[in-house]
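Take a look at the structure set out below.
Model, not experiment: these values are computed from the prediction.
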Amino acid sequence: MIRQRSNYSNTSIPIPLVPPTIKNLIFDLGGVILDLHFDRTYEAFARAGHRSVEEIRAMMDKSPFFNEYEKGLLTDHEFREAIRRMLQTNLSDEEIDAAWIALLGRIPLERLQLVKGLRRKFNVFLLSNTNSIHVRRIDQIVKVASGEPSLRSFFDEAYYSQELKMRKPEIEIYEHVLKRHQLDPALTLFLDDNLPICKGRKKQVSKHFRLSTPTR
């Protein structure tokens, strides 16, 4: 079991029992460390595009360019142009970015402190499906919460899908992290909020847990 110091006891991350053989922890970001509010982005795009939230959700679910953007196959400019085509409206870059980052919630300081504390006992990594517009905003959230300039400060290494040109649950993205740090899969624990992703990487590690932070 992970031993927590008293000043980390208020964390909202539900830490599971960790087998004593585990030496490496690989965290997801959204829904584990960062609160997410997808409805806020649906609502913002619905207002901008004069459509219902249900229409926007369906459009976003079937549009491949969101995954392409997270894999680094589109620039920020190309992503914004794709949003304009989807909504059939001429939103400014600032309006698109504001709607896109609306889904990003808070990162309580105690969660960051917990991750930092875990590094005393484990090798701790971050592996997240994300994009550059979100990363810039996330680093702003981190700076306000902790004073640190970037989320990377709290991990031994942070990996973002857009930089790796791969997304979870593709097997290659897990293999990349394991090979890069010569991690033994049998000694590695993934902590993710997405059950399909947990199932998708069962062959890469011996243990996995599905976690989620409370809705706020």
Side-chain angles (χ1 to χ4, degrees), residues 12-13 27-108 111 126-145 150-151 158-170 172-173 191-201 210-216:
S12 296
I13 305 177
F27 278 87
D28 184 26
L29 175 57
V32 176
I33 296 170
L34 169 72
D35 293 340
L36 296 178
H37 307 278
F38 290 98
D39 284 349
R40 294 178 183 176
T41 286
Y42 295 144
E43 291 166 1
F45 281 137
R47 289 192 298 271
H50 306 288
R51 298 172 184 270
S52 70
V53 170
E54 291 72 23
E55 286 179 293
I56 293 297
R57 183 182 290 109
M59 293 167 69
M60 292 179 69
D61 286 346
K62 70 180 182 181
S63 297
F65 70 84
F66 290 100
N67 285 354
E68 292 170 357
Y69 183 43
E70 285 194 338
K71 291 180 73 170
L73 303 179
L74 300 179
T75 64
D76 292 351
H77 173 73
E78 291 169 333
F79 171 73
R80 294 182 186 115
E81 285 297 310
I83 290 288
R84 293 184 182 104
R85 289 192 297 271
M86 182 186 77
L87 297 178
Q88 298 180 342
T89 187
N90 192 29
L91 295 175
S92 68
D93 288 356
E94 292 75 18
E95 289 172 316
I96 292 171
D97 289 3
W100 184 230
I101 68 174
L103 65 91
L104 304 176
R106 47 196 295 274
I107 303 179
R111 294 183 195 159
L126 178 71
L127 179 60
S128 175
N129 288 341
T130 192
N131 56 84
S132 58
I133 295 175
H134 278 175
V135 169
R136 288 194 292 271
R137 176 56 182 158
I138 289 164
D139 284 342
Q140 291 173 351
I141 293 170
V142 169
K143 188 170 184 179
V144 169
S150 169
L151 185 61
Y159 291 97
Y160 299 135
S161 60
Q162 190 173 54
E163 297 171 352
L164 298 179
K165 313 296 186 193
M166 298 176 278
R167 288 182 82 254
K168 297 182 290 183
E170 296 170 2
E172 291 77 12
I173 196 168
L191 302 107
D192 206 297
D193 77 320
N194 190 316
L195 187 57
I197 285 179
C198 290
K199 292 179 178 178
R201 48 144 166 80
R210 179 175 182 263
L211 302 180
S212 61
T213 57
T215 301
R216 297 180 183 273

Taking ring pair (Phe, Tyr, Trp, His ring centres under 6.0 Å) as the definition, give me every residue that meets it alongside Tyr69, ordered by chain and number, with sequence neighbours left out. Phe79

Stepwise, does the side-chain contact (heavy atoms from CB on, under 4.5 Å) test hold for Met59 with Arg51? CA-CA 11 Å; Met59 293 167 69; Arg51 298 172 184 270; 3.8 Å; yes

Heavy-atom side-chain contact between Leu103 and Arg40 under 4.5 Å: no

Is there side-chain contact between Arg167 and Glu172, with at least one heavy-atom pair below 4.5 Å? no

Ion pair Asp97/Arg137, N-O distance below 4.0 Å: no

Any non-hydrogen side-chain atom of Ile83 less than 4.5 Å from a side-chain atom of Trp100? no

Steps toward side-chain contact (heavy atoms from CB on, under 4.5 Å) verdict (Asp35, Ile107): CA-CA 7 Å; Asp35 293 340; Ile107 303 179; over 6 Å; no

Go through Leu87 and Ile56 one step at a time and tell me if the side-chain contact (heavy atoms from CB on, under 4.5 Å) criterion holds. CA-CA 8 Å; Leu87 297 178; Ile56 293 297; 3.5 Å; yes

Judged by atom type as modelled, is there a donor-acceptor pair below 3.5 Å linking the side chain of Gln88 to the main-chain atoms of Arg85? no

Any donor-acceptor pair under 3.5 Å from Ser128 side chain to Asp28 backbone: no

Please examine the side chains of Ile101 and Arg136, heavy atoms only from C-beta on, and report whether any two atoms are closer than 4.5 Å. no

Taking only Lys NZ, Arg NE, NH1 and NH2, and the carboxylate oxygens of Asp or Glu, determine whether Glu81 and Arg84 approach each other closer than 4.0 Å. yes

Going through the distances and angles, do Phe66 and Met86 end up as a side-chain contact (heavy atoms from CB on, under 4.5 Å)? CA-CA 11 Å; Phe66 290 100; Met86 182 186 77; 4.1 Å; yes

So do the side chains of Tyr160 and Leu151 get within less than 4.5 Å of each other, counting heavy atoms only? yes

Heavy-atom distance under 4.5 Å between the side chains of Arg57 and Phe38, does that happen here? no

Roughly how far apart are Arg111 CZ and Arg106 CZ, rounded to 0.5 Å? 6.5 Å

Residue set satisfying ring pair (Phe, Tyr, Trp, His ring centres under 6.0 Å) with Tyr42, at least two apart, ordered chain then number -> none

Glu70 side chain near Gln162 side chain, heavy-atom distance below 4.5 Å: no

Do Ile133 and Ile96 come close enough that some side-chain heavy atom pair is under 4.5 Å? no

Rounded at 0.5 Å granularity, tell me how far CD1 in Ile173 sits from CG in Asn129. 6.0 Å

For Glu163, does its backbone N or O pair with a side-chain atom of Lys71 as donor and acceptor, under 3.5 Å? no

